[in-house]
2 protein chains.
Amino acid sequence: MKGKEISSVENINSHIEEIENHAKIAVSVDCVIFGYDMEELKVLTIECNMDPYKGHPSLIGDLLDEGEDLDQAANRILKERTGIDNLYLEQIKTFGKVDRHPLGRVITVTYFALVKKADYNSNGMRPSPNSQWIALSQIEEMAFDHLTITNVALDTLRKKLLEYPIWMKLLPIDFSLPELQNLFENIIGKPLDKRNFRKKILSLDIIQESGKKQKDVPHRPANLYRVNQKKLKKEYSFLLKNPFHN
Amino acid sequence: MKGKEISSVENINSHIEEIENHAKIAVSVDCVIFGYDMEELKVLTIECNMDPYKGHPSLIGDLLDEGEDLDQAANRILKERTGIDNLYLEQIKTFGKVDRHPLGRVITVTYFALVKKADYNSNGMRPSPNSQWIALSQIEEMAFDHLTITNVALDTLRKKLLEYPIWMKLLPIDFSLPELQNLFENIIGKPLDKRNFRKKILSLDIIQESGKKQKDVPHRPANLYRVNQKKLKKEYSFLLKNPFHN
DNA sequence: ATTTGATTGTGTATTTTTTACACTAAGTAA
DNA sequence: TTACTTAGTGTAAAAAATACACAATCAAAT
């Protein structure tokens with residue numbers, strides 16, 4: 001019995017040693033921050049000041065602190081860079097190629113975040129002077145493996161779009177159906193049929209007319225809708241119905 | 001011009017320092033190894049010998065080595081534990097809560113792997129004596145946050161099942177439709193209608209009759225099919241058709 | 001040889017979802 | 001008042017999903 005306990009203590013020590021003596025690695029968190037200005041889908045970037053990528057746009061990120069959860073770090077970075085708390089945030093994937101960073105080994109855990117223009121503009125947030133929103137269609141090269149990361153983020157966003165109405169995180173409270181359709185087209189990358197799109201969205205039964213209309217547009221103003229939070233409660237699947245049946 | 005170069009060097013040094021001096025963290029890779037013995041979906045576990053989880057089943061994993069890519073590490077671990085190379089492997093998610101490991105901070109990058117029984121049994125592989133396959137339905141508690149990880153893995157597997165025929169990685173070359181249906185039912189967790197299931201699978205047009213039949217079964221033997229690798233080439237989407245239309 | 005038991009394999013009708021497609025309505029600007 | 005621009009609407013056809021029951025084939029037992 002006592003022998004067992006002693007060996008147990010030895011055991012713990014050996015485990016601690018194993019962790020302590022083992023390779024420790026710098027871990028960063030990088031965020032693909034998507035924003036939608038009612039025209040195009042954009043990504044917030046910062047100019048890289050590190051060779052050999054100097055001048056290229058790079059994602060927003062930082063090294064992970066010792067006592068910091070991953071999600072915490074992502075939230076901290078978003079707060080620092082956009083001034084906004086509680087953005088919609090979702091982990092994408094972790095990139096860990098040994099040579100992915102020119103200055104040493106850094107594993108990066110990536111997230112995507114969704115920002116609506118209103119939030120972004122409202123609270124006097126000043127992103128660092130060399131940061132800028134780049135339209136997805138305009139992104140050609142990025143620092144490090146950030147272009148890959150951005151593509152994976154977009155892919156994740158696309159899939160998620162069909163599972164949960166995260167698109168509301170990119171829109172103001174009141175939005176029109178043409179605006180929503182434009183957002184979808186931006187994310188999916190294809191034009192959609194107006195009537196079929198409306199039919200589908202309305203059949204989801206999660207948005208309702210706000211009673212308001214668009215203002216200051218030089219044409220027929222669209223009706224404005226908003227998400228019905230009550231209907232949103234229940235988990236629902238957009239298209240991923242059970243493919244078979246019991 | 002020269003000034004610029006110097007400041008650039010300083011810049012690099014400051015960046016290197018930033019990485020070098022920053023918190024470095026132990027990173028592990030944990031694998032949810034799914035296996036299918038033609039009866040149930042199982043997960044390969046090892047008995048945890050670390051308090052306070054001693055005796056609980058734990059996932060197969062190891063700390064990441066200095067010069068090792070994440071995928072490499074996952075493959076190494078699988079090779080070590082199952083003796084098999086080139087298992088189907090996919091990254092799931094990274095778990096990084098500060099207190100997730102009792103002996104210090106360890107961030108874990110998780111993967112799921114798919115093993116067919118034939119591979120597992122064939123090449124004299126000896127999993128460590130205290131490892132065992134546990135049926136998914138029998139898993140009640142696990143060490144660390146491994147139960148959460150297993151659940152996320154299962155969820156990922158379910159979704160992937162509808163996007164790509166990874167189920168073939170869990171089956172022998174020749175398999176019957178009832179066997180495939182049973183596998184689906186195990187993964188999805190619901191019974192499926194036999195006729196509708198067959199109709200759907202056959203409509204995918206990726207499997208073909210092998211001409212063989214089941215042997216040594218005490219009832220009518222089923223026809224055996226195999227995946228037609230040629231038809232598999234092209235990317236295809238199982239169910240995720242474009243929900244709208246241009 | 002016949003029967004029993006277990007499981008495989010098959011088809012159709014109904015409902016739901018997706019797709020294709022074009023004109024009128026409501027505003028602003030000239 | 002007219003021209004311009006974008007919003008908003010419905011229906012028919014095709015495709016996919018669903019519900020559902022019985023005959024066929026083998027092994028094992030009698």
Side-chain angles (χ1 to χ4, degrees), chain A residues 38-40 161-163 171-172 174-186 188 190-226 236-246, chain B residues 38-40 161-163 171-172 174-186 188 190-226 236-246:
Chain A
M38 306 312 258
E39 305 234 328
E40 277 185 291
L161 196 63
L162 305 178
E163 290 174 21
L171 290 172
D174 293 319
F175 57 89
S176 72
L177 288 179
E179 285 164 351
L180 179 56
Q181 180 175 343
N182 181 267
L183 173 56
F184 264 75
E185 291 174 331
N186 262 276
I188 296 176
K190 301 188 209 182
L192 301 172
D193 178 82
K194 184 165 46 161
R195 280 180 285 194
N196 294 335
F197 178 78
R198 289 167 163 260
K199 209 184 304 174
K200 184 73 193 171
I201 292 293
L202 292 174
S203 77
L204 296 178
D205 194 33
I206 53 168
I207 66 174
Q208 60 188 168
E209 291 198 50
S210 72
K212 298 181 202 165
K213 279 174 185 266
Q214 262 183 331
K215 296 221 157 153
D216 302 320
V217 285
H219 54 73
R220 176 175 178 178
N223 289 327
L224 298 182
Y225 291 78
R226 57 177 58 184
Y236 81 97
S237 134
F238 195 120
L239 276 174
L240 288 173
K241 300 269 176 62
N242 186 348
F244 310 101
H245 188 264
N246 60 332
Chain B
M38 308 310 259
E39 306 235 326
E40 276 185 292
L161 197 63
L162 306 178
E163 289 174 22
L171 290 172
D174 293 319
F175 57 89
S176 72
L177 287 178
E179 285 164 349
L180 179 57
Q181 181 174 343
N182 181 268
L183 173 57
F184 264 76
E185 290 174 332
N186 262 277
I188 296 175
K190 302 188 208 179
L192 301 173
D193 179 81
K194 185 166 42 163
R195 281 180 284 195
N196 295 336
F197 178 78
R198 287 166 165 259
K199 209 183 306 174
K200 184 71 194 173
I201 293 292
L202 292 174
S203 78
L204 297 178
D205 194 32
I206 52 168
I207 66 174
Q208 57 188 170
E209 290 198 52
S210 71
K212 298 181 202 165
K213 280 175 184 267
Q214 260 183 333
K215 296 221 158 157
D216 302 319
V217 284
H219 54 73
R220 177 176 179 178
N223 289 326
L224 298 182
Y225 291 77
R226 57 178 59 183
Y236 81 97
S237 134
F238 195 120
L239 277 174
L240 288 173
K241 299 269 173 63
N242 186 348
F244 310 100
H245 189 265
N246 60 330

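So you know, we letter chains A, B, ... as the sequences are listed, proteins then strands, and number each from 1. Keep in mind that the numbers below use all heavy atoms, side chains included, and drop hydrogens, waters and symmetry copies.
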Any chance you could lay out the side chain to side chain contact (heavy atoms under 4.5 Å, CB included) test for I201(A) and Y225(A), step after step, and finish with the verdict?
CA-CA 11 Å; I201(A) 292 293; Y225(A) 291 78; over 6 Å; no
Just to verify, what does R226(B) make a salt bridge (charged side-chain N to carboxylate O under 4.0 Å, His left out) with, not counting sequence neighbours?
D174(B)
Sugar-phosphate atoms are those with a prime plus P, OP1 and OP2; base atoms are the rest. Using that split, label each nucleotide of nucleotides 4-12 of chain D B, S or - for protein heavy atoms under 4.0 Å, 5' to 3'.
-BBBBBBB-
Kindly write out the residues that satisfy side chain to side chain contact (heavy atoms under 4.5 Å, CB included) with E39(A), not counting sequence neighbours, or none if the list is empty.
D37(A)
side-chain hydrogen bond (donor to acceptor under 3.5 Å, both in side chains) with E209(A): which residues, sequence neighbours excluded?
none
K215(A) atom NZ is separated from dG27(C) atom P, nearest whole Å, by 12 Å
Partners meeting side-chain hydrogen bond (donor to acceptor under 3.5 Å, both in side chains) with Q208(A) (sequence neighbours left out):
none
Can you tell me how far C1' of dT8(C) sits from CZ of F197(B), to the nearest Å?
14 Å
With sequence neighbours left out, the residues meeting salt bridge (charged side-chain N to carboxylate O under 4.0 Å, His left out) with K213(B) are none
Could you tell me the separation between the CG atom of L204(A) and the C1' atom of dT17(C), rounded to a whole number of Å?
13 Å
Output the rounded distance in Å from CD1 (I201(B)) to P (dA16(D)).
15 Å
